[in-house]
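See structure below.
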Amino acid sequence: MGTELLAGAPLVAARRLLGAELTGRGVSAVIVEVEAYGGPPDGPWPDAASHSFRGAGGRNLVMFGPPGYLYTYRSHGIHVCANVVCGHDGVAGAVLLRAASVCVGAEVAGARRGPAIRPAALARGPGNLCSALGITMEDNGIDLFDADSPVRLTLGDPLPAVDGPRVGVSKAADRRWRLWLADRAEVSAYRRSPRAPAPGASD
DNA sequence: AAGAGGATCATCT
DNA sequence: GATGATCCTCTTT
């Protein structure tokens, strides 16, 4: 199982990533919450909320490359967020990793996150997830299926998913492109962007 | 339990 | 000059 399973549409790849195991720098975690992101208006998956909506250039180049690579970006100046690139070479798509359940190396993750963090919160939220696994902007563009990479991904069998709108996006705010595993304490809370139009207004 | 606000800076207009 | 694919803390029910 490898990159060929991520070569399709973002929402399909997102489903595949639920339950997958992400290993980075002494910590392994099972992915329990993700969000799908598409590409430009003239591509197969137009998505105004995506970093790649306005075409390739700047930080988003990795999103236009082949699947199975890590796309990292900095959010609000401070936090690092991690995506798994999906689709195929030349067509932008990615899946944001929003929350994971730490199964190996909880002490290491705790040392990175701080002493008072409860186990379920170690990798809850995209910024916290990267912090727990030691993922930084230096990791942008690495191959997640290369045995020599510092961060690696192992896919498993598909699991049943719950869906809902994506967190914090002001565009396409009603699109149900967030997926998570039911009854998981690690899933982050939903917050609609204050800038998004009223629910149901448009997409 | 839920909502409001501020920190902070790379990227884009 | 404005805008966030966030997170933490403080205030209000």
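Contact annotation: the side chain of A/Ser149 never approaches that of A/Tyr69 to less than 4.5 Å [non-hydrogen atoms, C-beta and beyond]. Between A/Ser188 and A/Glu33 there is a side-chain heavy-atom pair separated by less than 4.5 Å. Using a 4.5 Å cut-off on side-chain heavy atoms (C-beta onward), A/Val187 and A/Leu181 make no contact.
A straight line from CG of A/Leu179 to C1' of C/dA5 spans 15 Å, rounded to a whole angstrom. Rounded to whole Å, atom C1' of C/dA5 lies 13 Å from atom CH2 of A/Trp177. One can place CZ of A/Phe53 at 15 Å from P of B/dC12, the figure rounded to the nearest angstrom. Put simply, NE2 on A/His51 is 13 Å from P on B/dT13, counting in whole angstrom units. At whole-Å resolution of the value, CZ in A/Arg176 and C1' in C/dA5 are 18 Å apart. Following rounding to the nearest Å, A/Tyr190 (OH) and B/dA1 (P) show an atom-to-atom distance of 21 Å. The nearest whole Å value for the distance from the CD1 atom in A/Ile78 to the P atom in C/dG4 is 16 Å. With rounding to whole Å, A/Leu96 atom CG is found 8 Å from C/dT6 atom P.
At the heavy-atom level, A/Gly114 lies nowhere under 4.0 Å from the strands shown. Base engagement by A/Arg195 is indicated by at least one non-hydrogen atom pair under 4.0 Å involving a base atom. Heavy atoms of A/Arg178 sit nowhere under 4.0 angstrom from any nucleic acid atom.
Under the 4.5 Å side-chain contact rule for hydrophobic residues, A/Val27 and A/Val30 do not share a cluster. A/Val62 and A/Ile142 fall into different hydrophobic clusters, where Ile, Leu, Val, Met, Phe, Trp and Tyr residues are linked whenever their side-chain heavy atoms come under 4.5 Å apart, directly or through other members. Residue A/Val32 is grouped with residue A/Leu17 when hydrophobic side chains (ILVMFWY) are merged at heavy-atom distances under 4.5 angstrom, including chains of intermediate members. Residues A/Val151 and A/Val80 are members of separate hydrophobic clusters, defined by side-chain heavy-atom contacts under 4.5 angstrom among Ile, Leu, Val, Met, Phe, Trp and Tyr. One hydrophobic cluster, built from ILVMFWY side chains closer than 4.5 Å, cannot hold both A/Val167 and A/Leu96; they sit in different ones.
Of the candidate nucleotides B/dT8, C/dG4, C/dC7, C/dC7 has the atom nearest to the side chain of A/His79. Which of C/dC8, C/dT6, C/dA5 sits closest to the side chain of A/Arg113 comes down to C/dC8.
Scanning both residues, A/His88 and A/Pro67, for their nearest heavy atoms gives CA-CD, 4.1 Å.
Residue A/Arg74 has no polar side-chain atom (N or O) positioned under 4.0 Å from OP1 or OP2 of C/dC7. Considering only side-chain N and O atoms, A/His76 lies nowhere under 4.0 angstrom from the phosphate OP1 or OP2 of B/dC9. Look at A/Arg98 and you'll find a side-chain N or O under 4.0 angstrom from OP1 or OP2 of C/dT6.
With hydrogens and angles ignored, a donor-acceptor pair under 3.5 angstrom links the side chain of A/Tyr73 to the base of C/dA5.
Mapping A/Ser188 and A/Gly77 onto DNA chain C via the closest heavy atom, the residue that lands nearer the 5' end is A/Gly77. Nearest-nucleotide positions on DNA chain B place A/Arg191 closer to the 5' end than the other of A/Arg191 and A/Arg59.
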>> For DNA chain C, please output the secondary structure as dot-bracket, reading 5' to 3'. Pairs are Watson-Crick or G-U wobble, both atom distances under 3.5 Å; mark crossing pairs with [ ], other-strand partners with |, unpaired with a dot.
In response: ||||.|||||||.
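Ion pair A/Asp174/A/Arg192 flagged as a salt bridge, since at least one NZ, NE, NH1 or NH2 atom sits closer than 4.0 Å to an Asp/Glu carboxylate oxygen.
Residue ring and nucleobase are stacked for A/Tyr37 and C/dA5, with a centre distance beneath 5.5 angstrom and an angle between planes beneath 30°.
Taken residue by residue, residues 115-139 of chain A places no heavy atom nearer than 4.0 Å to DNA chain B.
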